[in-house]
Protein chains: 2
Amino acid sequence: MSLRHAVLGLLSEGPASGYDLLKMFDISLSNVWPATQSQLYAELGKLADAGLVDVSAEGPRGRKEYAITEEGLAELRRWITEVEPTRVLRSDMLLRVFFLAQVSPEQARAYLGHQADRVRKQLEHLEGIREFLENRHDNLSEYGRMTLEYGLRLGKAQVEWAEWAEGQIR
Amino acid sequence: MSLRHAVLGLLSEGPASGYDLLKMFDISLSNVWPATQSQLYAELGKLADAGLVDVSAEGPRGRKEYAITEEGLAELRRWITEVEPTRVLRSDMLLRVFFLAQVSPEQARAYLGHQADRVRKQLEHLEGIREFLENRHDNLSEYGRMTLEYGLRLGKAQVEWAEWAEGQIR
DNA sequence: TATGGCATGTAAACGGTTACATGATTAG
DNA sequence: CTAATCATGTAACCGTTTACATGCCATA
């Protein structure tokens, strides 16, 4: 149930509406834990029922602003420190590599080269985010930089791997 | 629909029963695309309905051996060369990093240290698989080594990142 | 006054996990 | 004979995606 904790985490920085949260997800969490609009509104309802958040203000157009409760904060901290992350990383990119013997060597090399390109583009995108994050000093940006660095390092390793793998196919 | 293609991929190396496939998933694909028993039997039924595999033999205890059809092979190749891999990699490990400001610096450092340990253990596990794979020369092992190398490289980058991140917290 | 952005909500479908349920065959 | 392994199948539940549906408010 990570969506729940993603919402709690964002609300730990201050109250927000479902609409606000959706934008926050798209800006900061889209590469780590994306969420859709329908998911969000449903989850906010459940969180309110569970007493982990409550409606702190109502605005125009039916806007409901939610704030995290003490219980919600406690649950967020418990999740961070006591719940083991799940390590399953399904990758259909890597799954295709397993079966590369079923296509020609040219096609296999093209596949790997294409993956390297994709990750290079992703890295450029992340560099853009890095610039955007410069000069921002809130909690989320501070630790956002840390997750960004993760993306940068792993992305570079991925590009190097794909180039190496391409060279392995004769 | 990657499960479908994972099954086709395994069957491209030769006929197998649901039970055989389950073991193949556990041995070779567990780190890339895990599957459960119930999922497998259901998928084999659907693949047979779609004409991508057929029952090539029946054995004791109701055993049904499935073989990939020409259509199935064509579909597998199409999926490898023409379908773009989905890049979404949800990570609740990284999601926690975003919210690390909500726990004490000691807890945050402990969290990152713990993640480094976990990946180091995973790397040891992968080294074990590397030894197991040595001297095997079928298609799956050949390209399995390539995915293994991916796991090894990315794992190392992950450990280095976690150690770096731990040092960032003052 | 019309467009774009703000704002919330519901429903269907899909894929994956967990649990249940059953029974045949083989090896010790 | 009995335990382990082989072997298949179904059902309930949960989280995610996609699509549908509606309406208000500000500004150009």
Side-chain angles (χ1 to χ4, degrees), chain A residues 1-8 10 15-27 29-50 53-66 79 83-92 95, chain B residues 1-8 10 15-27 29-50 53-66 79 83-92 95:
Chain A
M1 275 198 306
S2 291
L3 173 68
R4 152 160 301 203
H5 298 98
V7 172
L8 289 174
L10 291 177
S17 68
Y19 193 84
D20 296 337
L21 287 169
L22 186 61
K23 282 183 294 178
M24 293 167 83
F25 265 92
D26 285 345
I27 294 167
L29 301 185
S30 61
N31 294 302
V32 167
W33 205 273
T36 60
Q37 178 256 10
S38 38
Q39 237 182 323
L40 256 174
Y41 286 108
E43 192 59 48
L44 283 167
K46 285 185 228 158
L47 281 165
D49 288 348
V53 305
D54 42 42
V55 178
S56 55
E58 306 207 22
R61 282 167 291 199
R63 176 189 169 91
K64 281 187 263 178
E65 204 173 66
Y66 293 89
W79 174 75
V83 182
E84 280 285 297
T86 56
R87 83 242 124 274
V88 195
L89 46 111
R90 279 195 165 82
S91 165
D92 61 325
L95 184 59
Chain B
M1 274 198 308
S2 293
L3 173 68
R4 152 160 303 203
H5 297 98
V7 172
L8 288 175
L10 290 177
S17 68
Y19 192 85
D20 294 338
L21 287 168
L22 186 62
K23 280 183 294 177
M24 293 168 84
F25 265 93
D26 286 344
I27 292 167
L29 301 185
S30 62
N31 294 301
V32 167
W33 206 273
T36 60
Q37 178 257 10
S38 36
Q39 238 182 322
L40 256 175
Y41 286 108
E43 193 58 49
L44 283 167
K46 287 184 225 159
L47 282 164
D49 288 348
V53 305
D54 43 42
V55 178
S56 56
E58 305 207 23
R61 280 166 293 201
R63 175 189 170 92
K64 282 187 264 179
E65 204 173 64
Y66 292 89
W79 174 77
V83 182
E84 281 284 297
T86 57
R87 82 241 124 277
V88 195
L89 47 110
R90 278 196 165 82
S91 165
D92 63 324
L95 184 59

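Chain identifiers are assigned alphabetically (A, B, ...) following the order of the sequence lines, protein sequences preceding nucleic acid strands; residue numbering begins at 1 within each chain.
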In whole angstrom, what separates [X]'s [atom1] from [N]'s [atom2]?
| X | N | atom1 | atom2 | answer |
| --- | --- | --- | --- | --- |
| A:Lys46 | C:dT8 | NZ | P | 17 Å |
| A:Leu40 | C:dT8 | CG | P | 10 Å |
| B:Met1 | C:dA13 | CE | P | 16 Å |
| A:Met24 | C:dC6 | CE | P | 15 Å |
| A:Leu22 | C:dC6 | CG | P | 11 Å |
| B:Leu44 | D:dT10 | CG | C1' | 15 Å |
| A:Lys23 | C:dG5 | NZ | P | 11 Å |
| A:Asp20 | C:dA7 | CG | C1' | 10 Å |

Does the side chain of B:Lys64 get closer than 4.0 angstrom to OP1 or OP2 of D:dG9 through an N or O atom?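 Yes, B:Lys64 has a side-chain N/O under 4.0 Å of OP1/OP2 on D:dG9.
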With a 4.5 Å cut-off on side-chain heavy atoms, are B:Asn31 and A:Leu89 touching?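 Contact flag for A:Leu89/B:Asn31 side chains = no.
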Is there a side-chain contact between A:Gln39 and A:Leu3 (heavy atoms, below 4.5 Å)?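 Answer yes - side chains close enough.
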Test side-chain contact (heavy atoms from CB on, under 4.5 Å) on A:Arg4 and A:Leu47; report intermediate values, then the result. CA-CA 7 Å; A:Arg4 152 160 301 203; A:Leu47 281 165; 3.7 Å; yes
From the list C:dG16, D:dT16, D:dT8, which nucleotide is the closest neighbour of the side chain of B:Tyr19?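 Out of C:dG16, D:dT16, D:dT8, the nucleotide with an atom closest to B:Tyr19's side chain is D:dT8.
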Per-nt protein contacts along nucleotides 17-28 of chain C (heavy atom under 4.0 Å; B base, S backbone sugar-phosphate only, - none) come out as BBB---BBB---
Applying side chain to side chain contact (heavy atoms under 4.5 Å, CB included), can you list everything that pairs with B:Ser2, at least two apart in sequence or on another chain?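 Side chain to side chain contact (heavy atoms under 4.5 Å, CB included) list for B:Ser2, sorted by chain: A:Asp92, A:Leu95, B:Trp33, B:Trp79.
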In a table with atom names and distances, give each donor-acceptor pair under 3.5 Å that connects a side chain of residues 15-24 of chain A to protein atoms at least two apart or in another chain.
| residue | atom | partner | partner atom | Å |
| --- | --- | --- | --- | --- |
| A:Ser17 | OG | A:Tyr19 | N | 3.4 |
| A:Ser17 | OG | A:Asp20 | N | 3.0 |
| A:Ser17 | OG | A:Asp20 | OD1 | 3.4 |
| A:Ser17 | OG | A:Asp20 | OD2 | 3.2 |
| A:Ser17 | OG | A:Arg63 | NH1 | 3.3 |
| A:Asp20 | OD2 | A:Ser17 | N | 3.1 |
| A:Asp20 | OD2 | A:Arg63 | NH2 | 2.7 |

Do you know the tightest heavy-atom contact between A:Tyr66 and A:Ser56?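 Taking every non-hydrogen atom into account, C-OG, 3.9 Å.
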